Amino acid sequence: MIGFDEAIERIRPLAHPLGLEEVSLAEAHRRVLAVPVKALVAAPRTDVSAMDGYAVRDADLARLPARLRIAGESFAGGGYEGLLEQGECVRIFTGAPVPAGADRVVVQEVVRREDDLALFEAAPGPARHIRKAGSDFLQGDILLQEGTFLGPRQLVAAAAADLDMLAVWRRPKLMVLSTGDELTEPGTARHQSGTIPESVSFGVAAAAEQWGASYMGRAGLADRLGELEQAAALALRDADLVVVTGGASVGEKDFAKPMFEPQGLELVFSKVAIKPGKPVWLGRAGGRVVLGLPGNPTSAMVTARLFLAPLLAGLTGRDPASALRWRKLPLAGAVPPVGDRETFARGRSEDDGVRILSNQDSSAQKALAECDLLVRLRPGIAGTSPGQTVEVLDF
Ligand SMILES: Nc1nc2c(c(=O)[nH]1)N[C@H]1C(S)=C(S)[C@@H](COP(=O)(O)OP(=O)(O)OC[C@H]3O[C@@H](n4cnc5c(N)ncnc54)[C@H](O)[C@@H]3O)O[C@H]1N2
Ligand code: MOO
């Protein structure tokens with residue numbers, strides 16, 4: 001059985017982008033840039049005022065108090081056309097172009113206005129309150145590199161570059177197949193004995209969309225091989241990536257892998273020495289990628305976080321490793337004993353570090369909702385005590 005790091009390495013050859021498309025800025029949130037963003041305008045476009053006040057020449061404030069004639073106004077989006085002459089000032093507002101000839105802006109709080117004159121009594125201080133043209137970026141500057149994930153702050157920069165369309169990597173189309181005779185739609189289990197609500201696909205779909213997938217939908221499937229084979233063929237026809245949940249283990253009705261065999265399933269790995277989630281598997285079938293997650297809900301969500309997140313990072317043009325940023329946090333409580341499989345314990349962040357939840361069962365659903373971190377515990381680790389640092393991953 002391979003270890004966790006080896007499994008992540010085996011994801012890489014499958015995790016490359018699927019092609020690019022142009023989207024509008026309004027649609028670009030959470031997409032990944034396929035082409036750098038180059039500024040089509042500078043920012044600021046001209047020298048602009050950083051404050052509301054009066055644009056003046058330094059020479060006119062050499063002797064104080066000074067009375068200057070207000071020669072005109074400069075508003076953002078407008079401007080004062082003339083040259084600032086000796087003895088003159090211009091009423092100016094934040095973001096407005098600084099008139100030619102002006103050296104600084106004096107904030108209005110220290111200026112007294114007397115009709116069309118402005119009275120300057122105090123020395124203006126070192127700040128000129130002028131943002132120079134291009135001081136943020138110049139026309140032609142690269143603001144965002146290829147491979148940048150477009151979050152809210154990056155969208156501001158892309159819009160500021162004066163772009164309305166962005167070239168981004170296409171989102172992989174994802175289909176989720178949930179297998180298990182016992183599963184039924186949430187809202188119907190209480191009317192049918194022997195059933196449980198199908199819960200995992202909702203979490204996997206939500207996580208996958210967050211990680212860059214375009215979610216096509218899900219199918220709940222009974223453990224009958226013929227029907228499963230048909231569903232697999234249909235999913236592989238339309239989706240780039242199929243996630244199949246359950247049926248990953250060695251039970252007599254565990255058909256998750258056999259259902260893809262008529263489509264030429266080639267396994268990349270099957271079973272990883274981790275806890276939970278040992279039965280996780282990855283393969284290729286019909287030219288698509290197939291990821292098999294164990295059915296136990298905590299196992300499914302842990303393996304989605306550990307394998308689906310890096311896979312989707314790669315499929316959307318990012319480094320798969322960018323989805324696995326381990327940080328260090330002190331332990332706020334005790335650690336359960338770790339056996340011979342690397343363990344990804346569910347923890348909760350607290351003021352003094354990470355607390356490992358008491359329920360570490362791989363079938364847990366209540367405790368799953370209460371955790372926000374995975375704590376990576378290497379095999380054989382013993383005697384880890386509160387205060388010691390551990391590696392954690394946002395979950
Ligand atoms: N003899 C062995 N038995 C098991 C092994 C093993 O190595 N040898 N591995 C165990 C481990 S570890 C896990 S994890 C499970 C995973 O098995 P499967 O992927 O085949 O999962 P299922 O049997 O289909 O389901 C397990 C459990 O989870 C419930 N489930 C499944 N899908 C969903 C869903 N979509 N929503 C909610 N709940 C779901 C299901 O009802 C079962 O209770 O195998 C161990 N066995
Ligand atoms: O490894 Mo399974 O996913 O623990 O129960």
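Just so you know, ligand 1 is whichever comes first in the structure, and atom 1 is the first atom listed for that ligand. Just so we're clear, the structure is a prediction, and the values are computed from it rather than from any experiment.
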Is there a side chain to side chain contact (heavy atoms under 4.5 Å, CB included) between Leu331 and Val354 once you walk through the steps? CA-CA 5 Å; Leu331 276 171; Val354 51; 4.2 Å; yes
Would a distance-only check, ignoring hydrogens and angles, find a side-chain to backbone donor-acceptor pair under 3.5 Å from [X] to [Y]?
X: Asp52; Y: Thr94; answer: yes
X: Arg348; Y: Leu357; answer: no
X: Arg10; Y: Val268; answer: yes

Could you tell me which atoms of ligand 2, counted from 1 in the order shown, lie closer than 4.0 angstrom to a heavy atom of Asn296?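 Heavy-atom distances to Asn296 below 4.0 Å select 5 (O).
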For Pro276, the ligand 2 atoms whose distance to one of its heavy atoms is below 4.0 Å: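 The list of qualifying atoms is 1 (O), 3 (O), 4 (O).
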Measuring from non-hydrogen atoms of [X] to any atom of ligand 1, is the shortest distance under 4.0 Å?
X: Ser201; value: no
X: Pro276; value: no
X: Gly220; value: no
X: Ser362; value: no

Return the residue, atom name and 0.1 Å-rounded distance of the protein heavy atom closest to [atom].
atom: atom 41 (O) of ligand 1; result: Glu182 OE2, 2.5 Å
atom: atom 36 (N) of ligand 1; result: Ser199 N, 3.0 Å
atom: atom 7 (O) of ligand 1; result: Lys278 NZ, 3.3 Å
atom: atom 5 (O) of ligand 2; result: Ser362 OG, 2.4 Å
atom: atom 35 (N) of ligand 1; result: Glu198 OE2, 2.8 Å
atom: atom 1 (O) of ligand 2; result: Gly277 N, 2.7 Å
atom: atom 22 (P) of ligand 1; result: Gly247 N, 3.9 Å

Pro279 N/O under 3.5 Å from ligand 2 N/O: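 Not met; the criterion fails.
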If we only consider heavy atoms of Lys275, is any one of them less than 4.0 Å away from an atom in ligand 2?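 Judged by the 4.0 Å heavy-atom criterion, Lys275 does not count as contacting ligand 2.
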Can you find a heavy atom in the side chain of Pro99 that is under 4.5 Å from one in the side chain of Ile92?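 Yes, their side chains come closer than 4.5 Å.
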Going by heavy atoms in the side chains, are Ile274 and Phe307 under 4.5 Å from each other?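 Yes, their side chains come closer than 4.5 Å.
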Can you give me every donor-acceptor pair (side chain of residues 137-153, partner residue at least two apart or in another chain, under 3.5 Å) with its distance?
unit_1, atom_1, unit_2, atom_2, d
Asp141, OD2, Leu138, N, 2.9
Thr148, OG1, Gln145, N, 3.3
Thr148, OG1, Gln145, O, 2.5

Distance under 4.0 Å to a non-hydrogen atom of [X]: what atoms of ligand 1 satisfy this?
X: Ser299; result: 14 (S)
X: Gly246; result: 19 (O), 21 (O), 24 (O)
X: Ser249; result: 3 (N), 4 (C), 5 (C), 6 (C), 9 (N), 17 (O), 18 (P), 19 (O), 20 (O), 44 (O), 45 (C), 46 (N)
X: Ile196; result: 38 (N), 41 (O)
X: Pro294; result: 14 (S), 16 (C), 19 (O)
X: Val250; result: 1 (N), 2 (C), 8 (N)

Hey, is Val200 touching ligand 1 through its side chain, its backbone, both or neither, going by heavy atoms under 4.0 Å?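 For Val200, backbone and side-chain atoms both sit under 4.0 Å from ligand 1.
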Below 4.0 angstrom, N of the basic side chain to O of the carboxylate: do [X] and [Y] qualify?
X: Arg355; Y: Glu370; answer: no
X: Arg327; Y: Asp394; answer: yes
X: Glu342; Y: Lys275; answer: no
X: Asp60; Y: Arg69; answer: no
X: Arg104; Y: Asp58; answer: yes

Distance from Leu83 atom CG to Glu81 atom CD, nearest 0.5 Å?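 Here the rounded value is 12.0 Å.
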Looking at CG of Leu293 and OG of Ser178, how far apart are the two atoms once the value is rounded to the nearest 0.5 Å?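 Answer for the CG-OG pair, Leu293 versus Ser178, is 9.5 Å.
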Please check whether Pro297 reaches ligand 1 - meaning an N/O of the residue sits under 3.5 Å from an N/O of the ligand, judged on distance alone.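 There is no such contact.
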N/O of Ala248 under 3.5 Å from N/O of ligand 1, yes or no?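 Looking only at distances, the answer is yes, because the N/O contact criterion of under 3.5 Å is met.
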Taking the six-membered ring of Phe344 as reference, does the NZ or CZ atom of Arg376 fall below 6.0 Å from its centre and within a 45° cone about the axis?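 No, Arg376 and Phe344 do not form such a contact.
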Using heavy-atom distances only, which candidate in [options] approaches [atom] most closely?
atom: atom 33 (C) of ligand 1; options: Gly251, Pro279, Gly295; value: Gly295
atom: atom 14 (S) of ligand 1; options: Val176, Thr298, Asn296; value: Asn296
atom: atom 23 (O) of ligand 1; options: Val204, Ile274, Asp254, Leu293; value: Asp254

At a non-hydrogen distance cut-off of under 4.0 Å, which region of Arg341 contacts ligand 2 (side chain, backbone, both, or neither)?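 Near ligand 2, Arg341 shows its side chain, while the N, CA, C and O stay back.
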Of all the heavy-atom pairs spanning Ser74 and Ala96, show the shortest one and how long it is.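 Closest approach of Ser74 to Ala96, heavy atoms only: O-CB, 3.2 Å.
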